[in-house]
Protein chains: 2
Amino acid sequence: MSPRPASRRAVTVADIARAAKVSKATAARALGDYGQVSDAVRSRVLAAAEELNYRPNALARSMNTGRSNTIGVVVGDIENPFFAHAMRGISDVASAAGYDVILTNSDEDVEAEEAAVDVLLDKQVDALIVAPASSAHVSHLTDVAAAGRPLVLLDRRADGHRYDSVTVDNRTAAARATAELLAEGHRRIAFISTQPYPEPAYSPGGTITMSSVADRVDGVMEALTDAGIPSPERGIRLDARRRGVDVVTRELLEGDTPATAIIASDSLIAMTVFQTVRTLGLRIPEDVSLIAFDNADWTSITTPPLTVVEQPIYELGAAAARLALQRIRGERVDDESVVFDAALIRRASVAAPTPASATH
Amino acid sequence: MSPRPASRRAVTVADIARAAKVSKATAARALGDYGQVSDAVRSRVLAAAEELNYRPNALARSMNTGRSNTIGVVVGDIENPFFAHAMRGISDVASAAGYDVILTNSDEDVEAEEAAVDVLLDKQVDALIVAPASSAHVSHLTDVAAAGRPLVLLDRRADGHRYDSVTVDNRTAAARATAELLAEGHRRIAFISTQPYPEPAYSPGGTITMSSVADRVDGVMEALTDAGIPSPERGIRLDARRRGVDVVTRELLEGDTPATAIIASDSLIAMTVFQTVRTLGLRIPEDVSLIAFDNADWTSITTPPLTVVEQPIYELGAAAARLALQRIRGERVDDESVVFDAALIRRASVAAPTPASATH
DNA sequence: CTGAAAGCGCTTACAG
DNA sequence: CTGAAAGCGCTTACAG
């Protein structure tokens, strides 16, 4: 119980070796739990370590082993419940395997993402999990392979590359949500996303850089086209953050031929739509039907509770981490592009359009 | 434009030095941007680095400098919007200062927290920001000081220690929320927290290990006592996760003398309370008044929107990071225990108790 | 401004 | 099982 002054100089293997009267190599072996050490020596070393309050320097260890026992993660925004939940899946799997996780935000900005990947690579992470902000700007991802580290794409693909990836079948999910609305008799169905887009209006074949959103738009367009809806692209609203999701929602609902149903590309958008609809004095689902991507917990307690597309987000993160670990260990990878299905959860925000809502 | 094969062996300063025909020291100086290097040599080295696709090893650098440019963070649960938001504040400030952040979850478990602190210390983080799960079990935090690294407590204090901390005045906030309810005429006011507690029922003076919750309970008790409410502790419900927040809510609302108002200690609890009240066929605020801690975004779109206690969460994280950076740089610290005020945001979930709800 | 050498705290062959 | 030496990829005095 001798007091241990907070010393500036850290105690090292050399100190322990001296105290235990063995060589540095032997002390290190006992401390690092590798190689051969006799029980007598081991306990002597461990006692000295305890006494001196020894703390291994993981950096030095990593320099020798070439492994940092760390997985680097780059997401768009940790405040987005989607990523927070996926992060949980990643952390749980990584922790169970003895790996730490370094998290970085890209703010969905390609340059910030590049910088984040660089930093993580410099820190010698053993693998990288990235949700690329753009599927078109992914040249920096080749650095990961060049550095000889495994890379797993989370939730989004990269054009023209065959990186390991864990995604959701967004196209089918969006088509199903659209079909649900069509089945109720809706014909003016809108889809709102905040994904940046260069043109003022979406036109079929236009390139959406984030693959998850691109897939959803494809799914919506496909379902609408199959149903014989003319000019289905009119309801596709991208880049909604620029002018404001509330403004976009208003436009959709206040024109001559207002939308009777809206699909929100994430729960944050859904929240604003929900609020705006109410502000306009309209009712859900009587005047406007609403389907939201992501089964955010609040969606079940609103009046009415929302019909949502539930993605297996935690599993998405867990699967990404599992893939990364398999690659790190050089194990055979069962499936290098895991695709999960999303489920439509029917609650009470969808109903048939009424004549009132049709004419508004 | 020569193809760069993905080599297992990383290219090092030595490789660059050879290519640029200078010494390792000089190459390192140009690469690391320190010391003196002539422009001619610098560009030669940089060109070689570019050509060979050089990537500095941050681990090696850290070993020499003794600094990792990394701040370690231990929170209870990143999925909790509270921590996700605080994390954002931490990240933004850290990034702006050129620091990375390593995030670890403790699951509000003291042992997991200890392990997390150990790992972070071993990884040589330059400072630690911790939201201690228990204010009573904080012996592992002394290791941080022993390792000579700054420590900042986030949202919660540690008993008997004077670590830097950034907290919210929870006592006043809780007292104010309680006063709001009292002013409306409520006398049977309950407070629900999921904080573990050894006894079946709370009794005045009982020790709650998480300081933020302890402070809130104190605030509630104080306001209730000042108002002359007899046995105010009867409404304090801790450890609600064990039996279920819904079960606890039911008990509170179904007894002979049901509570007429509930204060939820966080937004997750509030959500379950909200739902349970509805399931019981009761109305908010006619039958039950509700105030929630944390201005979660969904609280403004429910019917009715909730009256909440808004904590400056982002600022909490940002201030913690700022404090950590000041300590790292050895700067003078203006305030080693920053305390923020919380604000009561009045919406529509509080009303006077009706005779109906009083007799129920 | 540049270089040779030592060192950061470990691990890894290689002898014994 | 134990030790002396070299090495991981950088940085840091110290000479020149």
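These values consider heavy atoms only, across backbone and side chains, with no hydrogens, waters or symmetry-generated copies.
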So, taking the atom named OG in Ser68(A) and the one named CZ in Arg61(A), what distance separates them when rounded to the nearest 0.5 Å? 12.5 Å

Along DNA chain D, 5' to 3', what are the outermost nucleotides having an atom less than 4.0 Å from a heavy atom of chain A? dC1(D) to dG9(D)

Reading DNA chain D 5' to 3', what string of ( ), [ ], | and . shows its pairs, if Watson-Crick and G-U wobble pairs count only when both distances fall under 3.5 Å? |||.||||||||.|||

Would you say that more than 12 heavy atoms from the other residues, nucleotides or ligands in this model lie under 6.0 Å from the NE2 of His140(B), or not? yes

Identify, between Lys24(A) and Arg29(A), the residue whose nearest nucleotide on DNA chain D lies closer to the 5' end. Arg29(A)

Classify Arg55(B) by what it touches in the nucleic acid, base, sugar-phosphate, or nothing, heavy-atom distance under 4.0 Å. sugar-phosphate

Nearest-nucleotide check on DNA chain C, Met63(B) vs Ser23(B); residue mapping nearer the 5' end is Ser23(B)

Distance from Ile129(B) atom CD1 to Ile102(B) atom CD1, nearest 0.5 Å? 12.5 Å

Which atom pair, heavy atoms only, marks the closest approach of Val41(A) to Val22(A)? CG1-CG1, 4.0 Å

Could you tell me whether Glu113(A) and Arg156(A) make a salt bridge, using a distance below 4.0 angstrom between a side-chain N and a carboxylate O? no

One thing to verify: whether Arg322(A) and Glu331(A) come together as a salt bridge, which I'm taking to mean a side-chain N less than 4.0 angstrom from a carboxylate O. no

In terms of the nearest nucleotide of DNA chain C, which residue is placed more toward the 5' end: Gly35(B) or Ala25(A)? Gly35(B)

Counting C-beta onward and ignoring hydrogens, is there a side-chain heavy-atom pair between Asn105(A) and Ser91(B) closer than 4.5 Å? no

A quick test of your reading: do over 12 heavy atoms of other residues, nucleotides or ligands sit less than 6.0 Å from NE2 of His137(B)? no

